[in-house]
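These notes concern the structure reproduced below.
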There are 2 protein chains.
Amino acid sequence: MSRSHTDVTDQVENPACPVSEVLDRVAGKWAIGILVAAAKGPVRFSELERTIDGISRRMLTLNLRKLEREGLLTRTVYPTVPPKVEYACTEMALELYETLLSLVDWATRHSGDIARAHAVYDTAHTVAPAP
Amino acid sequence: MSRSHTDVTDQVENPACPVSEVLDRVAGKWAIGILVAAAKGPVRFSELERTIDGISRRMLTLNLRKLEREGLLTRTVYPTVPPKVEYACTEMALELYETLLSLVDWATRHSGDIARAHAVYDTAHTVAPAP
DNA sequence: CCGTATCCATCTCGATACTG
DNA sequence: CAGTATCGAGATGGATACGG
């Protein structure tokens, strides 16, 4: 093999970069919350609306459509009255979810360092240098 | 232990969610590109400006400051003339980079499925239903 | 119940110009 | 070389109201 799996540079630089694309998919304020909520089993629209807390109807719909389009969620309509719609993670999404866990792990392990970095940076940049 | 490491739900729902935070850090259009460019060794400002291709001076600066504040990059000024500034990944950032690789892997493995999902969704939603 | 449509405030980002 | 300052276009997201 001529290229190691760490040679990702060219992919990041070009527009089809898979990392950036996947991050753009789930980076929004709500996408992950939705994914997580749906990871445990099918959820209804109104359930999500209550669970996510703070999300507007519009944003919920937009994110659901987006995730559905990406193939991360399936949408199932039950033609009952009143209507019932369930959203469920696809296999792909559950795999992604597992991968996301390693990010959680990283973030957890380094939360201290990050907080420290913030403090250091802020004190170094916001306190006016003494005259 | 009372909670498995997969019980991330409550974290996603609350504002201090580590996943969302870490994604917000690197999800921008440029952050990953910068991180990748710096992963191979210290880089100068103008080097990044040329490498990243398409980034404006302003955005480069903003992202560099942000990443520096997060503790992902270090900034070293050499008081020469002309000035020289080098940016380098921290240990933390290199670790994050490795983690990101698993996302690349996921994206690569499923790029076909995603493209298919797009196609399916689009044909189902953009072609007007025949009357 | 499950959305879509509309309006508006806010934020983001690129272009451009100027400085130590 | 390595930034900062300012401005305006466009994207983003919340509130609200209405439709299937």
Side-chain angles (χ1 to χ4, degrees), chain A residues 15 20-21 23-34 37-38 42-70 73-88 121 124-126 128-129 131, chain B residues 15 17 20-21 23-34 37-38 42-70 73-88 121-122 124-126 128-129 131:
Chain A
S20 296
E21 290 215 330
L23 286 179
D24 284 350
R25 286 184 235 287
V26 295
K29 197 176 173 184
W30 310 109
I32 294 189
I34 295 173
V43 270
R44 302 185 55 171
F45 186 91
S46 49
E47 222 173 324
L48 287 168
E49 202 172 3
R50 268 176 286 105
T51 306
I52 308 281
D53 189 78
I55 196 169
S56 66
R57 222 163 224 179
R58 178 183 141 84
M59 278 303 108
L60 180 54
T61 303
L62 259 64
N63 276 279
L64 287 172
R65 294 289 174 274
K66 187 178 177 189
L67 292 171
E68 188 195 353
R69 180 167 188 270
E70 306 295 349
L73 287 183
T74 61
R75 178 172 180 271
T76 313
V77 181
Y78 298 92
T80 59
V81 296
K84 172 178 167 180
V85 180
E86 276 188 347
Y87 294 90
Y121 186 95
H125 292 260
T126 63
Chain B
C17 168
S20 297
E21 291 215 331
L23 286 179
D24 283 351
R25 285 184 237 287
V26 293
K29 196 176 174 185
W30 310 109
I32 295 190
I34 295 173
V43 269
R44 302 184 56 171
F45 186 91
S46 49
E47 222 172 325
L48 288 168
E49 202 173 3
R50 266 176 286 107
T51 307
I52 308 281
D53 189 78
I55 196 169
S56 65
R57 224 161 225 192
R58 178 183 141 84
M59 278 302 107
L60 180 54
T61 302
L62 259 65
N63 276 279
L64 287 172
R65 294 290 175 272
K66 187 178 176 189
L67 292 170
E68 188 194 353
R69 180 167 188 269
E70 307 296 349
L73 286 183
T74 61
R75 178 171 180 271
T76 313
V77 181
Y78 298 92
T80 57
V81 296
K84 171 178 169 182
V85 180
E86 275 188 348
Y87 294 90
Y121 185 96
D122 290 348
H125 288 79
T126 63

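Every chain is numbered from 1 and lettered A, B, ... according to where its sequence line falls, protein lines coming before strand lines. Not measured: the values here are computed from a predicted model.
Nearest-nucleotide mapping onto DNA chain D: of A:P83 and A:K29, the residue sitting toward the 5' end is A:K29. For the pair A:S56 and B:Y87, nearest-nucleotide mapping onto DNA chain D gives the more 5' position to B:Y87. Toward the 5′ end of DNA chain C lies the nearest nucleotide of A:P82, the other residue of the pair A:P82 and A:T61 mapping further downstream.
Using a 4.0 Å cut-off between a side-chain N of Lys or Arg and a carboxylate O of Asp or Glu, A:R69 and B:D122 qualify as a salt bridge. Salt bridge B:E70/B:K66: absent, no basic N to carboxylate O contact under 4.0 Å.
Heavy-atom minimum distance, A:R75 versus A:V77: NH1-CG2, 3.6 Å. The two residues A:A37 and A:L48 have their closest heavy-atom pair at CB-CD2, 3.7 Å. Shortest non-hydrogen contact noted between A:P83 and A:R44 is O-NH2, 3.5 Å. Nearest heavy-atom pair across A:D53 and A:W30 is O-CZ3, 4.3 Å.
Protein chain A touches strand DNA chain C; the 5'-most and 3'-most nucleotides with an atom under 4.0 angstrom of its non-hydrogen atoms are C:dC1 to C:dT6. Close approach of DNA chain D to chain B, defined as any atom under 4.0 Å from a non-hydrogen atom of the protein, starts and stops at D:dC1 to D:dT6.
Counting any heavy atom pair closer than 4.0 Å across all strands shown, A:R44 reaches sugar-phosphate atoms only and no base atom.
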Evaluate side chain to side chain contact (heavy atoms under 4.5 Å, CB included) for A:T51 paired with A:V43, printing each intermediate quantity in order.
CA-CA 10 Å; A:T51 306; A:V43 270; over 6 Å; no
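The ring-ring contact (aromatic ring centres under 6.0 Å, His included) check on A:Y121 picks up A:H125, with sequence neighbours excluded.
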